[in-house]
Structure formats: C-alpha cells, structure tokens
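Worksheet for the structure shown next.
Quick caveat: nothing in here was measured; it's all calculated off a predicted structure.
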Amino acid sequence: TLAQDFACGATEEVKPDCILIRRNDTTKILPLIADREEFDRVLRRELAALPSASLLGYVPGFRNDGSMCDFDLCDSNREFVYHRASAAEMVGPSLSKFRQEVRRLIRDGAPIEPIGPAHLDRVLACNDRWYEGKHRRGRKTYYLRRTLWTFENLTALEPLQPRRLAVVLDNDVIGYAVSSHIGRSWAVFIYRRCDREPPGVSPYLLSEMCKLYPEREWINDGPAVRKP
C-alpha cells in the first residue's frame with residue numbers, strides 16, 4: 001500500500017515518533033511508538049496541525065483497557081504477528097513437524113536464494129499457480145494485481161529496502177517471500193506464496209526471512225482474514 005502511495009506521488013515526513021504519508025488531501029499516520037497513551041498525544045498533535053479538509057488514516061481503534069479516545073476511530077484489522085527470534089529458529093514442540101519438513105527440503109536440494117532478474121519469470125509462474133490453486137478450491141484471493149505491480153516495479157521500491165527470497169527446487173521456484181522493515185522494532189512480510197507440495201515451503205520461508213532481521217523483535221505477517 002505504501003509503495004502504491006509513493007508511486008502516485010505521495011510524500012513522507014519522518015518524525016521521531018511517527019511517519020506522515022501525504023497523498024492528495026489525505027494524511028496517513030504510521031506510529032513508531034508502542035505506548036497507547038503516548039500515541040494519543042501524538043495523534044492529537046498531528047490532528048491539530050492538519051487542514052480541516054484533510055483526512056487522517058491508520059488510526060487504531062481501542063485502548064488495551066477497552067476505553068476509547070474522544071476522536072473518531074476506525075476499526076483495526078486482526079493480523080498475524082510472530083516473535084522474530086522464535087520464528088527464525090522454529091522453537092518449541094508444536095513446530096516439530098515444520099522443522100522436519102524443512103530439513104527434508106534442504107536434504108532434497110532446495111536452497112533459499114535472493115530473488116534477482118533471473119528468477120522473475122519463475123517467481124511469477126509460482127505466483128500464478130498459487131492463485132489458480134485458490135480459485136480451484138473456491139477460496140477468495142487477495143492482492144493479485146498488487147503482487148504483480150510489486151515485481152514489475154522493483155527498482156521503484158528500493159527506498160523501502162525490500163528483501164526478497166525464493167525457494168528453488170529442480171531449477172523451479174516453488175515459493176517466494178518479500179519483506180521490509182517498518183518502524184524500529186518491526187518487520188513486515190509483504191507477500192509469501194508457495195506451492196502446496198512439497199510440504200514445508202511456507203515455514204522454510206518464514207524462518208529464513210526472520211533471520212534477515214536480527215535487529216527487529218516482531219514480524220507482521222499480514223491480515224488474519226479467516227482466523228481470529
């Protein structure tokens with residue numbers, strides 16, 4: 001979403017406690033602080049500085065204690081969040097199956113490689129297979145055009161410092177992931193797509209992408225569309 005904003009001429013202003021993204025008559029605020037009371041103060045400050053015709057987006061909905069602030073709020077989306085260090089090493093007995101699947105992939109000769117121009121056609125083919133599989137099972141799909149835009153405009157995204165990995169087996173890309181840092185303690189997985197077979201590609205990508213951000217504490221893996 002941010003990449004699309006910038007492609008449409010958005011400007012950004014980075015402050016110690018937030019980032020302001022301005023596009024046309026809309027201002028989005030990305031908080032760089034975790035304390036809710038402190039964010040309330042930042043939000044009031046930025047609201048007071050906006051022209052009356054401007055809109056403010058990306059506003060969380062509720063305090064942890066359930067109370068609400070005295071300004072208009074939009075609902076927050078539920079998202080998958082991982083503790084980076086735990087996900088990188090796949091710690092714990094509940095992940096033993098994934099660890100076994102990843103070890104099997106490595107034994108079968110499926111390395112992780114940075115995505116470059118030589119991978120692009122195979123990455124897009126993997127992406128097509130993922131969407132086709134969703135459609136065959138009657139599942140709703142998201143972000144197809146946005147995913148294609150991301151790979152067609154990689155050079156335009158370099159200011160966001162995206163990191164891109166692919167799992168390669170028998171000279172074919174069977175999974176890929178794109179991520180970027182965001183804020184001081186977060187990284188975000190923008191896309192992660194993979195074939196259903198062989199098993200283990202998704203946790204393999206998750207683990208390896210987490211290892212690229214040793215300075216971050218949390219990984220955001222996007223909307224939890226069907227799960228609470």
What one should report as the nearest heavy-atom pair of Val102 and Pro203 is CG2-C, 4.3 Å

Nearest heavy-atom contact between Pro199 and Glu101 is CB-OE2, 3.6 Å

- Query: In terms of hydrophobic clusters joined by side-chain contacts under 4.5 Å, are Ile106 and Met209 together?
  - Reply: yes

So do Arg22 and Glu12 actually touch side chain to side chain, heavy atoms under 4.5 Å? no

task = Report the C-alpha separation of Leu165 and Tyr204 in whole Å, then their side-chain angles, then the decisive distance to 0.1 Å, and conclude whether the side chain to side chain contact (heavy atoms under 4.5 Å, CB included) test is met.
result = CA-CA 11 Å; Leu165 294 179; Tyr204 190 14; over 6 Å; no

Heavy-atom closest pair (Pro162 atom, Ser180 atom, distance to 0.1 Å) is CA-CB, 4.4 Å

Taking every heavy atom of Phe39 against every heavy atom of Pro31, the minimum-distance pair comes out as CE1-CB, 3.3 Å

Where do Val173 and Asp121 land on the side chain to side chain contact (heavy atoms under 4.5 Å, CB included) test, with the steps shown first?
CA-CA 9 Å; Val173 171; Asp121 288 344; over 6 Å; no

Tightest non-hydrogen contact, residues Val201 and Gly175, listed as CG1-CA, 3.9 Å

dist Glu13:CD -> Cys18:SG (nearest 0.5 Å) comes out at 8.0 Å

Report yes if some heavy atom in the side chain of Arg41 is under 4.5 Å from a heavy atom in the side chain of Asp17; otherwise report no.
-> yes

Quiz item: When you measure from the side chain of Ser207 to the backbone N and O of Glu89, does any donor-acceptor pair fall under 3.5 Å?
Solution: no

For this session: Report yes or no: does Arg84 contribute a side-chain atom to a donor-acceptor pair with the main-chain N or O of Cys210 at less than 3.5 Å?
Result: yes

Taken to the nearest 0.5 Å, the spacing of Arg23 CZ from Ile21 CD1 works out to 11.5 Å

**Prompt:** Is the closest basic N to carboxylate O distance between Lys211 and Glu208 below 4.0 Å?
**Reply:** yes

**Tyr213 side-chain N/O to Ile219 backbone N/O, donor-acceptor pair under 3.5 Å** = no

| side chain to side chain contact (heavy atoms under 4.5 Å, CB included) between Val42 and Ile29: does it pass, once the steps are laid out? | CA-CA 10 Å; Val42 172; Ile29 182 169; 4.1 Å; yes

Verify whether one side chain among Tyr176 and Arg122 offers a donor that lies under 3.5 Å from an acceptor in the other.
no

Walk me through whether Arg45 and Lys15 qualify under side chain to side chain contact (heavy atoms under 4.5 Å, CB included). CA-CA 12 Å; Arg45 181 193 71 204; Lys15 298 186 177 184; 3.9 Å; yes

Exercise for review: Check the surroundings of atom OH in Tyr82: do more than 12 heavy atoms from other residues, nucleotides or ligands lie under 6.0 Å from it?
Suggested key: yes

- So, the side chain of Arg99 versus the backbone of Gly92: is there a donor-acceptor pair under 3.5 Å, distance only? yes

The reported gap from CH2 in Trp130 to CG in Asp195 (rounded to nearest 0.5 angstrom) is 12.0 Å

Taken to the nearest 0.5 Å, the spacing of Leu169 CG from Glu197 CD works out to 12.0 Å

Separation between CG (Leu20) and CG (Leu50), nearest 0.5 Å, reads 7.5 Å

(Q) Looking at Arg129 and Glu132, is there a salt bridge between them, counting it only when a charged N and a carboxylate O are closer than 4.0 Å? (A) no

